[in-house]
Amino acid sequence: MKSIFYVGSNCGDDKAGLRVFDFDLESGEIRQLSQVDDAIDPIYLARSANGKFLYSAEKVVPKDGVNVGGIGVYSIEGATLTKRADYVCAPTVPCHIALSHDGKFLVYAEYRNATAGVFSVRPDGLLDGPVAKIQHKGLGLDPVRQEAAHCHCSVTTPDDSRICICDLGLDKVFVYKADFQKGTMTEVQGAGFVSVPGAGPRHIIFHPTVNLAFLVTELDSKVVSLRHLGGGVFEPVDTYAMLPDDFTGESKAAAIKISPDGQWVLASNRGYDSIAVFKLDQKSGKLERQCINKLNGVFPRDFTFTPDGKFIVLGHKLSNEVAVYAFDSVTGKMHQVANTIKMPKPLCFVFANSDFLTSGRNEMALL
């Protein structure tokens, strides 16, 4: 059995920042199928639930010819991605985008200028907007990384009624209600989460079946378990270290993901290049760190599970390669398998809809 996945990268002047791969679900072997030569810095991706559209946070070129941050919309036809439209939304490329659970709107967060906003998604997959937008102001404890506000993640609550924005610079997860008619985003009082000073909230992810959320804080390399009481109101459960107790070097946390079976929470370290693996008690919301898997490459910014949960695809960003690791669902241990493929600074990984699974046919030619 095979599946398709998409990779975005911080490609700079290199071509083919957006690429399509297939994945052998038995062996973990990967190969490139196609690429988009004119995608510039497509650093974060989101796929529609029906598998027909891929949304990319990337550089776009408006009429004045100056690259700015925006969203590219691609139609998916097998292994081919075709650009449908570009939408300007920020001075620089958003560092995170996500679709609402009902697929009716797309949210984004832009780091450098601390902007975030919402697009409406039309039935044809194209966008309207941004229909609502905000900008954060302020600073935090760390004079280097928190010299200003920095929006780093934007996601919707499970019922899509609220938008949660992690601000690394302000040590807070903000919660907003968007008014599409007025074009406003209003902060919900009593909701959200304030981290310890200097922690730097980076990404938040909701559990798919129980009322829990997990926050990774970049600057202190921690995972915070939160009980979601509804409407973006959180109650902290506990906080967990992602690094060995005796670690003294420099490291920054990056991505956080939940395994397809909902039993594991994983988060990546850059510096101490590794994946920290936590076993989840769904009833209590508590985590137990099972292991920290050292990786064979440098600077793992993002990763994702295969649909069956048997493998993890990740980018050794500063090794410029896409790699595959087998995941042991009993111990949480990982080991690298199969091949790696060179690619400039791979940053984001998204698997295709299960409708794209094939039975091992090789009708799509390798480029």
Side-chain angles (χ1 to χ4, degrees), residues 96 98-102 105 107 109 116 136 140 151-178 185-243 253-269 275-292 303-305 309 329 332:
H96 190 277
L99 288 165
S100 59
H101 298 81
D102 62 10
F105 54 98
V107 294
H136 289 171
C151 297
H152 216 311
C153 171
S154 184
V155 298
T156 63
T157 53
D159 65 358
D160 292 330
S161 67
R162 301 290 188 270
I163 299 167
C164 301
I165 298 173
C166 297
D167 195 307
L168 182 145
L170 302 184
D171 285 322
K172 185 175 179 179
V173 179
F174 291 82
V175 177
Y176 291 93
K177 182 174 177 59
M185 293 174 64
T186 303
E187 186 177 357
V188 179
Q189 299 303 311
F193 176 75
V194 178
S195 70
V196 299
R202 180 181 172 94
H203 282 187
I204 190 168
I205 187 169
F206 287 88
H207 194 280
T209 59
V210 295
N211 294 325
L212 295 170
F214 303 95
L215 173 69
V216 62
T217 50
E218 177 178 331
L219 304 184
D220 65 357
S221 298
K222 301 283 181 64
V223 170
V224 183
S225 178
L226 302 165
R227 189 165 300 282
H228 181 224
L229 304 179
V233 177
F234 299 102
E235 179 182 84
V237 177
D238 211 339
T239 300
Y240 308 89
M242 295 170 53
L243 296 167
I256 186 166
K257 302 294 172 73
I258 299 172
S259 61
D261 64 7
Q263 301 300 313
W264 299 89
V265 176
L266 279 65
S268 58
N269 293 303
I275 302 288
V277 179
F278 301 88
K279 185 72 172 180
L280 170 63
D281 182 324
Q282 294 188 13
K283 185 175 181 179
S284 68
K286 289 185 174 293
L287 299 173
E288 181 180 358
R289 196 177 76 195
Q290 297 294 298
C291 57
I292 302 175
F303 64 94
T304 193
F305 278 93
S329 61

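Quick caveat, the model's predicted, so the values are computed rather than measured.
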Between W264 and G332, the two heavy atoms sitting closest are CH2-N, 3.7 Å

Looking at side-chain heavy atoms only, is the closest gap between V107 and S100 below 4.5 Å?
no

Would you sort out whether F193 and V224 count as a side chain to side chain contact (heavy atoms under 4.5 Å, CB included), showing the intermediate values?
CA-CA 10 Å; F193 176 75; V224 183; 4.0 Å; yes

Ignoring hydrogens, what is the shortest heavy-atom contact between A116 and I165? Give both atom names and the distance.
CB-CD1, 3.4 Å

Student check: side-chain heavy atoms of M242 and V223 closer than 4.5 Å:
yes

What one should report as the nearest heavy-atom pair of I163 and S154 is CG2-OG, 3.5 Å

How far does CZ of F214 sit from CG of L287, to the nearest 0.5 angstrom?
5.0 Å

To the nearest 0.5 Å, atom CG of L280 lies from atom CD of Q290 at 11.0 Å

Distance col, row T239:OG1 vs K222:NZ, nearest 0.5 angstrom, shows 7.0 Å

Distance-minimising heavy-atom pair for R202 and L215
N-CD1, 4.4 Å

Verdict with supporting geometry, H152 and H96, ring pair (Phe, Tyr, Trp, His ring centres under 6.0 Å):
CA-CA 7 Å; H152 216 311; H96 190 277; 8.3 Å; no

I205 CD1 to L226 CG distance, which is reported to the nearest 0.5 Å:
12.5 Å

Looking at NE2 of H228 and CG of L212, how far apart are the two atoms once the value is rounded to the nearest 0.5 Å?
10.5 Å

Quick check: does any side chain N or O of T157 sit under 3.5 Å from a backbone N or O of R162, one acting as donor and the other as acceptor?
yes

Grab the two heavy atoms, one from K177 and one from V188, that are nearest each other, plus how far apart they are.
N-CG2, 3.9 Å

Does the side chain to side chain contact (heavy atoms under 4.5 Å, CB included) test come out yes or no for I258 and H207, once each step is laid out?
CA-CA 7 Å; I258 299 172; H207 194 280; 4.2 Å; yes

Is the closest side-chain heavy-atom distance between L168 and E218 below 4.5 Å?
yes

Closest heavy-atom pair and its distance - V155, A98:
CG1-CB, 4.2 Å

Is any side-chain heavy atom of C164 less than 4.5 Å from a side-chain heavy atom of F174?
no

Please test K279 against Q263 for side chain to side chain contact (heavy atoms under 4.5 Å, CB included), starting from the C-alpha separation and ending with a verdict.
CA-CA 6 Å; K279 185 72 172 180; Q263 301 300 313; 3.9 Å; yes

Does the pair F105 and D160 meet the rule for a side chain to side chain contact (heavy atoms under 4.5 Å, CB included), with working shown?
CA-CA 9 Å; F105 54 98; D160 292 330; 4.2 Å; yes

Gap between atom NZ of K286 and atom CD of E288 - 0.5 Å precision:
11.5 Å

S268 side chain to A255 main-chain N or O, any donor-acceptor pair under 3.5 Å?
yes

Would you say H136 and D167 are linked by a side-chain donor-acceptor pair, where the criterion is simply a distance under 3.5 Å?
yes

Do the non-hydrogen side-chain atoms of L229 and F234 ever get within less than 4.5 Å of each other?
no

Residues passing the side-chain hydrogen bond (donor to acceptor under 3.5 Å, both in side chains) test with D238, sequence neighbours excluded, are none

Side chain of D171, backbone of A199: donor and acceptor closer than 3.5 Å?
yes

Centre of F305's six-membered ring, under 6.0 Å away, within 45 degrees of the axis: is that where NZ or CZ of K257 sits?
no

